[in-house]
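Reading through the structure tokens given below for one structure.
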Amino acid sequence: MSSAAAHGASFVAIVVAAGSGTRYGRPKHDLILRDKPLWRWSADTFLAAGVSEVVVVGDVPGGVPGGPRRRDSVRLGLEAVATDHEWVLIHDAARPLVLVSLVHTVMDGTRQPGIHGVIPVTAITDTIKQTNGDHVLATVDRRDFVAVQTPQAFRTDILRSAHLVDPDDDATDDASLVERAGGRVVVVEGDASNLKITFPGDLVIAEAILAERER
């Protein structure tokens, strides 16, 4: 059990499995990895990590119906969870390889005083350039940037309030909503193997990662 859970904080997890899968070519909620749907991999991991409640948003057995945008689906998930959970973990079902250790790292990050959110990040190894159409405008110092993963943890009341601000904004993650509402978000080290299934070939990569973990 993570130290965050051990000191009495209450956590609920929302697994978002309601995306349209535009880049994949089809919705991903029923994709199967080793005879198990992607969303189930994540839900099982959160339960193994000691999270007291897991809500899955999407067209899956026992799931909560999702909305037209990711932020709408998260909001609907928030409406379905109990109000007495201090912290909520938001996770994309398209990241089925999330490890219990990463969930604990994010949960432990919530122990920092005066914060409203915790997000896992990884270093960017490719060169980053700013472009306008097919023209390069500048080369950006990648040391100033990180790649963001899920699960992301937020104080439940703060995230609920953040979702009420500028509802027309099509935010790509919940941290951006909390940041814009004035919340303090900190980072913890992510996991390079926490792959997001985006293209059909990614399932093959996920299988290879699982095989490597079993060696």
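What you see below is based on every heavy atom in this structure, not just the backbone, and it leaves out hydrogens, waters and symmetry mates.
- Hydrophobic clustering (side-chain heavy atoms under 4.5 Å, transitive across Ile, Leu, Val, Met, Phe, Trp, Tyr) keeps Leu78 apart from Val15.
- Smallest separation of non-hydrogen atoms from Ser42 and Val98: OG-CG1, 4.2 Å.
- Residues Trp87 and Ser10 are not in side-chain contact: their nearest non-hydrogen atoms beyond the backbone lie 4.5 Å or more apart.
- Linking ILVMFWY residues whenever their side-chain heavy atoms come closer than 4.5 Å, directly or via other members, places Val187 and Ile90 in the same cluster.
- Atoms CG and CG, on Leu203 and Leu31 in that order, are 5.5 Å from each other to the nearest 0.5 Å.
- Under the 4.0 Å criterion applied to side-chain N and carboxylate O atoms, Arg70 and Asp174 are assigned as salt-bridge partners.
- The shortest distance between side-chain heavy atoms of Leu33 and Leu38 falls below 4.5 Å.
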>> Using side chain to side chain contact (heavy atoms under 4.5 Å, CB included), reason through Glu79 and Val64 one step at a time and then give a plain yes or no.
In response: CA-CA 10 Å; Glu79 293 176 358; Val64 174; over 6 Å; no
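- Across all non-hydrogen atoms, the minimal contact from Gly190 to Gln149 is CA-OE1, 3.5 Å.
- Thr198 approaches Asp202 most closely through the heavy-atom pair N-OD2, 2.8 Å.
- Proximity of Val16 to Val74: side-chain heavy atoms (C-beta onward) are separated by under 4.5 Å at one or more points.
- The OG1 atom of Thr110 sits 12.0 Å away from the CZ atom of Phe154 when rounded to the nearest 0.5 Å.
- Here the shortest heavy-atom pairing between Phe11 and Val51 reads O-CG1, 3.5 Å.
- Judged by distance alone, with hydrogens and angles left aside, the side-chain atoms of Thr45 form no donor-acceptor pair with the main-chain N or O of Val100 at under 3.5 Å.
- Applying the ring pair (Phe, Tyr, Trp, His ring centres under 6.0 Å) rule to pairs touching residues 29-73 yields Phe46-His91, sequence neighbours excluded.
- Residues Leu89 and Ala153 approach most closely at CD2-CB, 3.7 Å, considering heavy atoms.
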> Between Leu159 and Val178, is a side chain to side chain contact (heavy atoms under 4.5 Å, CB included) present by the stated rule, with each step listed?
Replying inline: CA-CA 6 Å; Leu159 185 58; Val178 172; 3.8 Å; yes
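- Here the CD1 atom belonging to Ile205 is positioned 12.0 Å from the CG atom belonging to Leu210, to the nearest 0.5 angstrom.
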Enumerate, atom names and distances included, each donor-acceptor pair closer than 3.5 Å involving a side-chain atom of residues 124-132, sequence neighbours excluded.
unit_1	atom_1	unit_2	atom_2	d
Lys129	NZ	Thr139	OG1	2.7

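- Applying the ring pair (Phe, Tyr, Trp, His ring centres under 6.0 Å) definition to pairs two or more places apart or across chains, none involves residues 111-149.
- The closest donor-acceptor contact from the side chain of Asp141 to the backbone of Arg143 lies under 3.5 Å.
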>> One pair to check against side chain to side chain contact (heavy atoms under 4.5 Å, CB included): Val81 and Val88. What are the steps and the verdict?
In response: CA-CA 9 Å; Val81 304; Val88 58; 5.6 Å; no
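- Ile197 and Leu97 end up in the same hydrophobic cluster when Ile, Leu, Val, Met, Phe, Trp and Tyr side chains are linked at under 4.5 Å.
- Taking the side chain as every heavy atom from C-beta outward, Val188 and Val106 approach each other to under 4.5 Å.
- To the nearest 0.5 angstrom, Thr105 atom OG1 is 8.0 Å from Glu189 atom CD.
- Val103 and Ile209 are assigned to two separate hydrophobic clusters, defined by single-linkage of ILVMFWY side chains at heavy-atom distances under 4.5 Å.
- Arg69 places no side-chain N or O within 3.5 Å of a backbone atom of Thr172 that could act as its donor or acceptor partner.
- Counting heavy atoms from C-beta on, the side chains of Gln152 and Val185 never come closer than 4.5 Å.
- In this structure, the side chains of Arg213 and Ser193 come closer than 4.5 Å at one or more pairs of heavy atoms.
- Smallest separation of non-hydrogen atoms from Gly66 and Leu76: C-CD1, 3.6 Å.
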> After noting the C-alpha distance and the side-chain angles of Arg160 and Leu164, does the key distance pass the side chain to side chain contact (heavy atoms under 4.5 Å, CB included) rule?
Replying inline: CA-CA 7 Å; Arg160 284 194 171 108; Leu164 299 177; over 6 Å; no
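- Listed for the Lys28 side chain is no donor-acceptor partner under 3.5 Å among the backbone atoms of Ala94.
- Here the straight-line distance linking atom CD1 of Ile115 with atom CZ of Arg155 works out to 7.0 Å at 0.5 Å rounding.
- Judged purely by atom type and a 3.5 angstrom limit, Arg71 has no side-chain atom pairing as donor or acceptor with the backbone of Leu177.
- Distance check: Asp44 CG to Lys36 NZ gives 4.0 Å after rounding to the nearest 0.5 Å.
- No donor-acceptor pair under 3.5 Å is formed between the side chain of Thr122 and the backbone N or O of Ala192.
- Crowding of Arg23 atom CZ: a count of heavy atoms from other residues, nucleotides or ligands under 6.0 Å not exceeding 12.
- Side-chain atoms of Leu102 and Pro120, non-hydrogen and from C-beta on, do get closer than 4.5 Å to each other.
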